[in-house]
Amino acid sequence: MKGTKSVISDENKRLCVWLKRQRQEKGHTMRSLSEILGTPHSFIGKVENQERRLDVIEYVRYCQALEVDPGEGLNQVLSV
């Protein structure tokens, strides 16, 4: 399956862990964040559980909803 590798990659895992930590530190539940984003709460769960990856626009909106710098998350992806 061609698209599966990037969903389960180490880089995606680091990004998902970072996004979840940011959500929790900001005091959001999956439901409260999904309300801000206008998505079902299952969307947040799928992202955090690496069942779904974000495209770049979704990622930026996700970060904006959390009021975090998207560059910080990218640093998680790029860190070795």
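In this text, all values refer to a predicted model and were calculated from it rather than measured experimentally.
- The CD atom of Gln24 lies 8.5 Å from the CE atom of Met30; values are rounded to the nearest 0.5 Å.
- For the atom pair Arg61 CZ and Asp55 CG, the distance stands at 8.5 Å (nearest 0.5 Å).
- Glu58 pairs with exactly one of Lys46, Arg53, Arg52 by the salt bridge (charged side-chain N to carboxylate O under 4.0 Å, His left out) rule, that one being Arg52.
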**Item:** Ile44/Leu37 under side chain to side chain contact (heavy atoms under 4.5 Å, CB included): CA gap, chis, key distance, verdict
**Value:** CA-CA 10 Å; Ile44 306 300; Leu37 289 169; 3.7 Å; yes

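- Across all non-hydrogen atoms, the minimal contact from Leu66 to Leu19 is CD1-O, 4.0 Å.
- Considering every non-hydrogen atom in both Trp18 and Asp69, the closest pair reads CH2-O, 3.8 Å.
- In this structure, the separation between CD on Gln64 and OH on Tyr59 is 11.0 Å, given to the nearest 0.5 Å.
- Of the inter-residue distances, the one linking Leu15 atom CG with Glu48 atom CD reads 11.0 Å to the nearest 0.5 angstrom.
- Closest non-hydrogen pair, Leu33 versus Arg23, comes out as CD2-CD, 3.9 Å.
- Within 6.0 Å of atom CD in Glu25, more than 12 heavy atoms from other residues, nucleotides or ligands are found, so the atom counts as buried in its surroundings.
- Side-chain atoms of Asn49 do not come within 3.5 Å of backbone N or O of Glu51 as any donor-acceptor pair.
- Distance alone, capped at 3.5 Å, is enough to place a donor-acceptor pair between the Arg14 side chain and the Val77 backbone.
- No side-chain donor-acceptor contact under 3.5 Å links Arg31 to the backbone of His41.
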